[in-house]
Amino acid sequence: MSDQDPFHQETTRTTIVEPDPLARPGAAAVGTQETVITDRQPNQTAWWIAGIVAVLAIVAVLWMVLATTGEPGVDPDEVQDAIADARLQGQLEGAQDSVAAAAAAADRAAESAARSAADAVRDPPVVVVSPPAPSNPPPADDVEVVVETPPAQ
């Protein structure tokens, strides 16, 4: 293994033991040198867990995409009937809203008419009466009136 390998580590420990003061005089100090080589193996467990999670995620996405959307036991005729009922219900509610709006408009019109009638009684309108215009105006002096008669048969 090379020195560049992060999983190979070599350490040297030196231990020096001092002589015991109660030991016999002239005893030498005892020392040891120990070299420890540590080889750590790369941890593959994390990669296995990540791979399993990725495979499960892919399977889940495929299942969601390819799963059928219909629920078992649902009859298409019942679905169509439910859609038709919903449409009729919407039309009925729309008609009821229209009737309510028309009733409100009629109430406003009745109130407006009552206010106008009360104003007319309080302040009667001024009526100008003029003689009626003649139905056949007299001919002017310089105009000649010609009346044609149908030919006799």
Side-chain angles (χ1 to χ4, degrees), residues 1-17 31-153:
M1 302 203 131
S2 70
D3 290 336
Q4 304 294 329
D5 190 1
F7 297 109
H8 179 75
Q9 197 173 31
E10 186 172 320
T11 58
T12 303
R13 285 189 254 170
T14 304
T15 307
I16 299 175
V17 178
T32 60
Q33 185 172 354
E34 178 182 11
T35 303
V36 177
I37 299 174
T38 306
D39 281 331
R40 292 184 306 156
Q41 296 298 322
N43 191 355
Q44 300 291 331
T45 306
W47 289 107
W48 278 101
I49 291 173
I52 291 170
V53 169
V55 168
L56 288 175
I58 291 171
V59 168
V61 168
L62 287 175
W63 179 73
M64 285 189 289
V65 169
L66 299 176
T68 59
T69 56
E71 294 181 16
V74 175
D75 186 19
D77 293 333
E78 290 177 6
V79 172
Q80 292 299 324
D81 291 343
I83 291 172
D85 290 345
R87 283 187 186 141
L88 290 175
Q89 183 69 25
Q91 289 174 352
L92 178 63
E93 289 173 2
Q96 289 172 343
D97 291 344
S98 296
V99 167
D107 289 343
R108 284 192 304 272
E111 289 173 5
S112 176
R115 251 185 276 118
S116 296
D119 289 345
V121 169
R122 186 178 57 230
D123 300 326
V126 177
V127 179
V128 176
V129 178
S130 62
S135 60
N136 290 330
D141 294 336
D142 59 321
V143 178
E144 184 177 325
V145 177
V146 178
V147 178
E148 292 184 25
T149 56
Q153 293 186 5

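Excluded from the calculations below are hydrogen atoms, water molecules and symmetry mates; all remaining heavy atoms, backbone and side chain alike, are included.
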Can you give the donor-acceptor pairs under 3.5 Å from side chains of residues 100-116 to other protein atoms, not counting sequence neighbours?
unit_1	atom_1	unit_2	atom_2	d
Ser116	OG	Ser112	O	3.0

Any pair counted as side chain to side chain donor-acceptor pair (under 3.5 Å), so long as it reaches residues 85-96, sequence neighbours left out: Gln89-Glu93
Atom pair CG (Asp97) and CG (Leu92), whose distance is rounded to the nearest 0.5 Å: 9.5 Å
